[in-house]
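Contents: one structure, followed by commentary.
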Amino acid sequence: MEYKRLEVYTWWKCNHKCVFCIEYPVMEKYWDKEITEREMMKKLIKYRKEWFNHVTFLWGEPFVHKVLLFATLFARKIWYTVMVTTNASMVQYEKNAEKQLPSIDQLIISIPIIDWEKQLIINRTKGLINFDNVFKNIQKYWNWNFLKINTVINRLNLESIVNIIEYVWKKWVKEMSITYPDIVMPYYSKKFVISNIAPSYKELLPHMDKWFDMAKEYNINLILTDVPFCMLSKLEYYKKTDDFVYQARTKINAIEETLDRTKILPRRRKTLFKCRKCIYKNTCWWPSIHYRELYWTWEIKAITK
């Protein structure tokens, strides 16, 4: 059966305000909007009839939305495989985990930092996450179908990502992605982005080999997301990026009625002139459209034959 995945927004609300979040500016405009159970049901039925068989609930923090439990239960009832992307803040509480987790097949959990003091700075709220409790509840109430950890690179965690990899390994998780942050220059100032969010690609280079070496040692399938191939410290790493799996990426569809992602540049990225010669041009999505404003583009060199 063909893999067809639908992304459904449980809507624009989150209990954190992460420094690297590209969606928060939009959330502020639609904070009070909620999708109803009826609307959710109609959407899920419509696209199930079009042979979509996987659904991901995301956007903001899905577990803070009352509609999520109905959505996951109904989606499974009509034979979707159900994934939820979450910051896990609600899963750390046993009652929530016991109620929500059994209706979910797959989880992607964001872990930007383990350290509680830095959590407060990154999350920009007083909501701390005890990840030990999260994994304890996952072990107790979930069937462990597919679990992936995603860590978004930022200034505060760049040196600590090795600690996150080790923590993930100790929790017996075998899937992980490390993601270069989205850049929202019109919302966050250049000074804020440079000081809090996005290190330059050049700054990443000393860290990449450590991440991949640790992942190999610990038997973790590590994916490096949204870093142009020409900036990888070793060329063979391009096979360990989400951009390499191009066909899978094109099958991820939004809830928009057209379901047409061909006109949407992923993660606000676009080609640069010098990259048009790249042998991977049909796969690699190149830097953020705002990267030039932060660090210029002298680092970017097309990989040619």
Side-chain angles (χ1 to χ4, degrees), residues 9 11-33 58-62 64 85-89 108-129 131 149-164 177-208 211 224-228 231 242-243 264-272 285-300:
Y9 310 154
W11 227 256
W12 304 92
K13 193 176 292 183
C14 188
N15 52 3
H16 288 166
K17 190 179 180 181
C18 297
V19 294
F20 50 78
C21 181
I22 192 174
E23 305 301 343
Y24 208 87
V26 183
M27 287 188 208
E28 290 180 333
K29 295 180 181 179
Y30 299 100
W31 193 261
D32 295 327
K33 182 175 175 60
L58 72 170
W59 237 249
E61 171 46 46
V64 304
T85 66
T86 175
N87 60 31
S89 56
I108 296 180
I109 295 177
S110 173
I111 303 183
I113 197 80
I114 303 295
D115 179 85
W116 280 24
E117 184 177 345
K118 290 185 178 179
Q119 268 195 48
L120 294 174
I121 303 172
I122 293 176
N123 297 343
R124 294 193 291 175
T125 68
K126 294 181 180 180
L128 291 169
I129 305 175
F131 286 106
I149 303 303
N150 181 55
T151 295
V152 179
I153 298 164
N154 58 79
R155 288 289 184 186
L156 285 167
N157 72 3
L158 188 57
E159 299 290 338
S160 304
I161 289 178
V162 290
N163 298 329
I164 300 174
S177 58
I178 298 175
T179 304
Y180 190 80
D182 299 320
I183 301 171
V184 196
M185 289 293 287
Y187 183 78
Y188 299 118
S189 68
K190 178 178 180 179
K191 181 179 179 181
F192 184 87
V193 173
I194 290 178
S195 61
N196 293 281
I197 305 177
S200 68
Y201 293 137
K202 184 179 179 181
E203 292 174 272
L204 292 186
L205 291 176
H207 299 275
M208 285 185 196
W211 300 341
L224 189 62
T225 305
D226 291 345
V227 176
M231 291 311 305
D242 68 335
D243 293 333
I264 302 175
L265 291 170
R267 300 181 185 273
R268 303 189 180 202
R269 299 165 73 191
K270 67 178 181 181
T271 179
L272 300 170
W285 288 115
W286 305 282
S288 161
I289 58 175
H290 298 296
Y291 191 84
R292 185 193 302 263
E293 300 172 57
L294 296 176
Y295 302 112
W296 199 235
T297 53
W298 61 268
E299 308 156 295
I300 310 302

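The shown structure was predicted, so the numbers you read here are calculated from the model rather than taken from an experiment.
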Ile164 CD1 to Ile111 CD1 distance, which is reported to the nearest 0.5 Å: 7.0 Å
Closest heavy-atom pair and its distance - Thr125, Lys17: CG2-N, 3.8 Å
Shortest non-hydrogen contact from His207 toward Glu159: CE1-OE2, 3.5 Å
Atom pair CZ (Phe20) and CD1 (Ile122), whose distance is rounded to the nearest 0.5 Å: 6.5 Å
Thr297 side, atom OG1; Tyr201 side, atom OH - distance, nearest 0.5 Å: 10.5 Å
Sidechain-backbone polar pair: Glu299 side chain, Met231 backbone, donor-acceptor under 3.5 Å: no
Any side-chain heavy-atom pair of Ile289 and Met185 under 4.5 Å: no
Side chain to side chain donor-acceptor pair (under 3.5 Å) between Asp226 and Thr179, intermediate numbers included: CA-CA 6 Å; Asp226 291 345; Thr179 304; 6.0 Å; no
Asn196: side chain to side chain contact (heavy atoms under 4.5 Å, CB included) partners, not counting sequence neighbours: Phe192
Side-chain donor or acceptor of Glu61 paired with backbone N/O of His16 under 3.5 Å: no
Exam field: side chain Tyr188 to backbone Ile197, donor-acceptor pair closer than 3.5 Å: no
From CA spacing to verdict: side chain to side chain donor-acceptor pair (under 3.5 Å), Asn87, Ser89: CA-CA 6 Å; Asn87 60 31; Ser89 56; 2.6 Å; yes
Pairs touching residues 112-121 that satisfy salt bridge (Lys or Arg N to Asp or Glu O under 4.0 Å), sequence neighbours left out: none
Asn157 (side chain) donor-acceptor with Pro112 (main chain) under 3.5 angstrom: yes
Short side-chain to backbone donor-acceptor contact, Tyr180 and Pro199, under 3.5 Å: yes
